[in-house]
Structures are given as structure tokens and as C-alpha cells.
Amino acid sequence: MAGTEDITPKRTFLVLHDYGMGGLWWWVHARSAREVLETFAWVEVITDPETLAGYRDEGLEEVDIEASRMPPGLDGLHVERAAQRGLANFGALADRDIVHLRLRDDDGEPVDQLVEVGPDGRRFRQVEVAEDGTAVRSTPDDWLFNTPVVDLFEPALVDREISRSDFEEQWARARQESTDHWVVKSDVLSDRRRSETA
């Protein structure tokens with residue numbers, strides 16, 4: 001239908017997929033940062049001026065957001081996001097400054113991970129609640145890495161949201177665990193993200 005094409009001029013955005021032990025970077029030509037986030041899963045748009053300047057001459061691959069083929073690394077993230085768009089609750093949590101979620105640790109121990117995350121999916125605080133009710137808490141100072149643990153555009157996350165008061169109740173009663181414990185847990189989370197994007 002005539003007149004429906006978006007004629008907004010495209011700009012260049014620095015895009016990062018942080019998988020823990022490293023990251024994949026691209027320059028993406030798009031109409032807005034929101035368009036980038038709605039097109040690729042598990043990415044963030046970098047706005048820090050110093051970082052932008054540092055990567056300006058790095059020879060990163062440039063990608064048009066409407067290209068028929070995406071480069072390795074970005075292609076899978078494109079497919080993942082395409083499967084989510086159109087589903088109920090797609091992006092429902094994406095515009096929130098802070099979100100509290102209950103995630104299940106599927107790596108062995110029956111542990112619930114209560115996380116407080118920002119728009120980029122990185123944790124501000126975390127409480128692990130074991131099956132016997134024991135709770136331990138941590139912050140970024142306790143972790144080896146703080147990579148994104150969720151993608152807030154994912155529709156399924158809506159069902160995992162908890163209230164701030166529920167999170168604060170668990171945080172208040174939790175004990176601080178040793179640094180060694182959280183180094184191991186951070187490694188587990190990073191390994192999980194690498195396996196999901198491999």
C-alpha cells in the first residue's frame with residue numbers, strides 16, 4: 001500500500017552482544033535504537049561517547065538492519081528475535097528502569113534466583129533461595145562477570161516477574177555469601193549465555 005514505507009533516515013549505532021568472556025560488536029544502520037533492540041535479541045546499543053570514539057576506527061563490520069543476510073553472530077540473534085515478535089507480551093518489560101524476576105537455576109541445584117535487573121538485563125542485586133529456604137544475596141562487587149542474564153523483550157519473562165516488595169523481603173533476610181561462591185555462579189551464568197548463542 002502506497003505511503004506506508006518508513007522514510008525516517010537511518011543512523012549508525014554501536015551494538016554489542018556481551019556473552020561473558022567477551023563480546024561481539026557491529027555498527028548497525030537503523031532508524032532508532034529501539035528498532036535495533038526489536039530486531040536483534042540479546043544486544044545493547046552503546047551510547048557512551050568514550051566507547052563510541054574508541055571503536056570508531058576499529059574496522060567493525062557494518063550492517064543494515066534491513067539486510068537480507070546477517071553476519072555470523074548476529075544472524076542467530078536476528079532469528080531469535082523474529083520468532084518473538086508478534087507474540088503476546090513481546091517487549092512488555094523493556095521500557096522499565098528496574099525489573100524484579102524469579103528465575104530457576106537449571107544447572108543442578110533446585111535454586112530460585114531472584115534478580116533485580118536494569119534495561120540491559122544486567123543484575124543490580126541477586127538473591128538465591130534454596131529449596132530449604134536458605135537465602136544468600138550478592139551485588140556486582142561479588143561477581144567475576146555481570147553479563148546480561150535476561151533479555152527484557154522476551155515475552156515469557158512477564159510470567160516470571162515478582163514485586164519489588166517480594167524481592168526486598170528476600171533480600172532483607174538473606175545472608176551475604178563468600179566471594180568464591182559468587183565467582184562460581186557468575187561463571188555458570190556466563191557459560192549458559194555462551195551455550196545459548198553458540
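Bear in mind that the values here come from a model prediction, so they are computed numbers and not experimental data.
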Do you see a donor-acceptor pair shorter than 3.5 Å between the side chains of [X] and [Y]?
| X | Y | value |
| --- | --- | --- |
| Glu62 | Trp26 | no |
| His100 | Glu161 | no |
| Asp142 | Gln176 | yes |

Applying a strict under-4.5 Å side-chain criterion to I, L, V, M, F, W and Y, I'd like to know whether [X] and [Y] cluster together.
| X | Y | result |
| --- | --- | --- |
| Leu52 | Val36 | no |
| Leu37 | Met70 | yes |
| Ile46 | Phe40 | no |
| Met21 | Leu144 | yes |
| Trp25 | Val45 | no |

Could you tell me whether the side chain of [Y] reaches within less than 4.5 Å of the side chain of [X], counting heavy atoms only?
| X | Y | answer |
| --- | --- | --- |
| His17 | Val15 | no |
| Leu24 | Leu74 | no |
| Val28 | Asp64 | no |
| Thr147 | Tyr19 | no |
| Pro148 | Glu44 | yes |
| Val127 | Val129 | yes |
| Val150 | Leu103 | yes |
| Asp151 | Arg81 | yes |

With Ser138 as reference, evaluate Arg125, Arg123, Gln126 under the side-chain contact (heavy atoms from CB on, under 4.5 Å) test and give the passing residue.
Gln126

Steps toward side-chain contact (heavy atoms from CB on, under 4.5 Å) verdict (Leu60, Leu14):
CA-CA 9 Å; Leu60 298 180; Leu14 181 60; 3.6 Å; yes

Run the salt bridge (Lys or Arg N to Asp or Glu O under 4.0 Å) test on Asp75 and Arg69 for me, step by step, so that the C-alpha distance in whole Å, both residues' side-chain angles and the decisive distance to 0.1 Å come before the verdict.
CA-CA 7 Å; Asp75 52 357; Arg69 296 183 63 181; over 6 Å; no

Show the nearest heavy-atom pair for residues [X] and [Y], with the distance to one decimal.
| X | Y | answer |
| --- | --- | --- |
| Ala88 | Pro155 | O-CB, 3.3 Å |
| Val117 | Phe124 | C-CE1, 3.8 Å |
| Arg173 | Gly133 | NH2-O, 2.7 Å |

Nearest 0.5 Å, please: how far is [atom2] in [Y] from [atom1] in [X]?
| X | Y | atom1 | atom2 | value |
| --- | --- | --- | --- | --- |
| Glu168 | Glu116 | CD | CD | 6.5 Å |
| Ser32 | Ile65 | OG | CD1 | 7.5 Å |
| Gln113 | Arg104 | CD | CZ | 10.0 Å |
| Asp18 | Asp120 | CG | CG | 9.0 Å |
| Leu87 | Glu154 | CG | CD | 10.0 Å |
| Leu152 | Leu101 | CG | CG | 7.0 Å |

Would you confirm whether Asn89, through its side chain, and Ala92, through its main-chain N or O, come within 3.5 Å as a donor-acceptor pair?
no

Does Phe13 form a ring-ring contact (aromatic ring centres under 6.0 Å, His included) with Trp27? I'd like the steps, not just the answer.
CA-CA 6 Å; Phe13 296 91; Trp27 291 110; 9.6 Å; no

side-chain contact (heavy atoms from CB on, under 4.5 Å) with Arg175: which residues, sequence neighbours excluded?
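side-chain contact (heavy atoms from CB on, under 4.5 Å) list for Arg175, sorted by chain: Thr134, Val136, Glu177.
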
When the ring planes of Phe167 and Trp171 are compared, do they come out parallel, tilted or perpendicular, using 30° and 60° as the limits?
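Correct class here is parallel.
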
Any ion pair linking Lys10 and Glu66 (charged N to carboxylate O, less than 4.0 Å)?
yes

May I ask you to decide whether Asp95 forms a salt bridge with Arg34, counting only side-chain N to carboxylate O separations under 4.0 Å?
yes

